[in-house]
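Each chain gets a letter, A, B and so on, in the order its sequence line appears, and its residues count up from 1. None of the values given here were measured: they were computed from a predicted structure.
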There are 2 protein chains.
Amino acid sequence: MLHGAPYTITELAEAFEVTARTLRFYEDCGLLDPERRGRTRLYSERDRKRLRLALRGKRLGFSLEEIKEMLDLHHARPGQVTEPDALRARIEAHRARLTQYREDAEIALDWLDALEARLDRLVPGAARRAG
Amino acid sequence: MLHGAPYTITELAEAFEVTARTLRFYEDCGLLDPERRGRTRLYSERDRKRLRLALRGKRLGFSLEEIKEMLDLHHARPGQVTEPDALRARIEAHRARLTQYREDAEIALDWLDALEARLDRLVPGAARRAG
DNA sequence: TCAATATTTGAAGTTAACGTAAACGTTATA
DNA sequence: TATAACGTTTACGTTAACTTCAAATATTGA
């Protein structure tokens, strides 16, 4: 339970509110690679960090494959980067996508504000906080 | 082709870079409701706007069902809103999700910056713009 | 009018990201 | 030692959001 101790699969799953099945599935996809004591998985801080990044990527709508690519690049050693220009292009694409997402989120938030205002007009008598 | 003219299904599909089949599918889901001349669909500006909103919602990871709910609420008349408190709660949930989303996008963009910097170090000789 | 092109419907297939179930091994403890 | 709690693998099932295909029908240009 101490900080830095390896986590069991259920501990990590509960901490991140995913199922153990999901963690095993992520391992099959190459997102995680926990050590083993016998057959049992033991997750390190590194796995924890990778999982955190993976889940953020997932919330943003990236596929597990894309997430894997980014995580792998993050841990790549000099010799491993075979086509840097292609990678740069992909990073640019991701950046464009994220910028679009951020903009979409802004617009959608404004839209929600308008929607709620409209709801207030449609249903006047309702309770409202901090009006 | 003039502004405001009704669109054929292929025109609208090309304009938004989706397939015609997708537009019919969205109609089945209740997201669109084009008029008909005979059996042929004719899409209005209203459909265009709904489609734009729908695709943004999709990029943001909302399900078609959630998108439909929001679109319907957007066009709802006074009598139609049956459970305003529940709706307000859902709007709040959407807002929280979008706020998280925007934050995730920020963090991911920073992360991409760091990733690219790392790539520059791993592969030094590469071309770089506006360094 | 007639061929070429566009649109329709229905149904079945696809993919990602898991969920669910079966059958089994391992460990703690009463 | 048994029994519960947790872990494992393998394999099949599920859902959303489409795509692909087929076959019929409609529209348009010469």
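- What separates CG of A:Asp28 from P of C:dT15 is a distance of 18 Å, to the nearest Å.
- Among the protein residues, A:Arg41 comes within range of the sugar-phosphate backbone only, with heavy atoms under 4.0 Å from sugar or phosphate atoms but none that close to a base.
- Looking at which nucleotide of DNA chain D each of B:Ser63 and A:Thr10 is closest to, the 5′-most match is held by A:Thr10.
- In this structure, B:Thr40 does not reach the C:dA6 phosphate: none of its side-chain N or O atoms is under 4.0 Å from OP1 or OP2.
- Side chains of A:Arg97 and A:Tyr101: a donor-acceptor N/O pair is present below 3.5 angstrom, by distance only.
- Regarding B:Leu64, its CG atom lies at a distance of 11 Å from the P atom of D:dT19, rounded to whole Å.
- Cation-pi geometry between A:Arg50 and A:Tyr43 is not met at under 6.0 angstrom from the ring centre and within 45 degrees of the axis.
- Using a 4.0 Å cut-off between charged nitrogen and carboxylate oxygen, B:Arg102 and A:Glu106 count as a salt-bridge pair.
- At C:dG19, one or more side-chain N or O atoms of A:Thr19 fall inside 4.0 Å of OP1 or OP2 (strictly under the cut-off).
- Counting all heavy atoms, side chain and backbone alike, A:Ile9 lies closest to A:Leu23 at O-CD1, 3.6 Å.
- Regarding B:Glu66, its CD atom lies at a distance of 11 Å from the P atom of D:dA16, rounded to whole Å.
- Contact annotation for A:Arg37: no contact, since no heavy-atom pair falls under 4.0 Å across all strands.
- The side chain of B:Tyr26 contributes no N or O atom lying less than 4.0 Å from OP1 or OP2 of D:dA17.
- In this structure, B:Phe25 atom CZ and C:dT15 atom P are separated by 17 Å, rounded to whole Å.
- Atoms CG (B:Leu12) and C1' (C:dT7) sit 15 Å apart, rounded to a whole Å.
- For the pair A:Lys58 and C:dA16, the criterion of a side-chain N or O lying under 4.0 Å from OP1 or OP2 is not met.
- Remark: A:Arg36 is in phosphate contact with D:dT9, judged by side-chain N or O atoms under 4.0 Å from OP1 or OP2.
- What separates CD1 of A:Ile67 from C1' of C:dA17 is a distance of 11 Å, to the nearest Å.
- Atom CZ in A:Arg24 sits roughly 12 Å away from atom C1' in C:dG19 (whole-Å rounding).
- Regarding contacts with the backbone of C:dA6, every side-chain N or O of B:Thr8 stays at 4.0 angstrom or more from both OP1 and OP2.
- Partners of B:Arg39 under the side chain to side chain contact (heavy atoms under 4.5 Å, CB included) rule, at least two apart in sequence or in another chain, do not exist in this structure.
- Per the geometry, CD belonging to A:Glu17 stands 17 Å off C1' belonging to C:dC18, to the nearest Å.
- If you check every strand for non-hydrogen atoms under 4.0 Å, B:Arg21 touches a base.
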